[in-house]
Amino acid sequence: MSKPTSTLADAIKECKHPLKVSFVFDLQEQIFTLAVGYEGVFPTIARYDKMPEDLNLAVLNLLPEFDVEDKNSQVTKQKLKDNGKRKVKPIESGKSTKHSQKIKKVKFAKSLI
């Protein structure tokens, strides 16, 4: 088992950003899904009918489809554009820009009062 681990370590040396590997399995439906990718970039996904015997080997087989060099440049461009931070606007509570609430005066008939 040390050989697949060392080749996997060699394969991910080209990754300049944290590589996320997720393995999801649904035993009721017998669906096994492996995804490899960076955060903010669409991952490469493989679906299996049965559980892979060696997950290191499965990740190693999926990495060439991920195209690490292209994804590295894509994530680097995003970080330079966003300055490494996500642009999130705060939620303004109590203020709505599209709808303004007006207080309506309701007149009742004197017989109801």
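Just so you know, these numbers use all the heavy atoms, side chains as well, and skip hydrogens, waters and symmetry mates. One-based numbering along the sequence shown.
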Does the side chain of Leu19 reach to within under 4.5 Å of the side chain of Leu63, using non-hydrogen atoms? yes
4.5 Å side-chain heavy-atom contact, Phe25 and Thr33: no
Could you list the residues that satisfy side-chain contact (heavy atoms from CB on, under 4.5 Å) with Thr44, not counting sequence neighbours? Leu62, Glu65, Phe66
In short, Ala35 meets Pro43 closest at the heavy-atom pair CB-CB, 4.4 Å
Are there more than 12 heavy atoms of other residues, nucleotides or ligands under 6.0 Å from atom OH of Tyr48? yes
With the side chain counted from C-beta on, respond yes when Ile31 and Arg47 share a heavy-atom pair under 4.5 Å apart, and no when they do not. yes
Assess the residue pair Leu34 and Ile45 against the criterion (side chain to side chain contact (heavy atoms under 4.5 Å, CB included)); give the C-alpha distance rounded to whole Å, side-chain angles, the decisive distance to 0.1 Å, and a yes or no. CA-CA 6 Å; Leu34 178 67; Ile45 301 171; over 6 Å; no
Residues, nucleotides or ligands: over 12 heavy atoms within 6.0 Å of Asp26 CG: yes
Check: Pro52 and Phe23 side chains under 4.5 Å, non-hydrogen atoms: yes
ILVMFWY network linking Leu27 to Val24, side-chain heavy atoms under 4.5 angstrom: no
In the single-linkage hydrophobic clustering (I, L, V, M, F, W, Y; side-chain heavy atoms under 4.5 Å), do Met51 and Leu60 co-cluster? yes
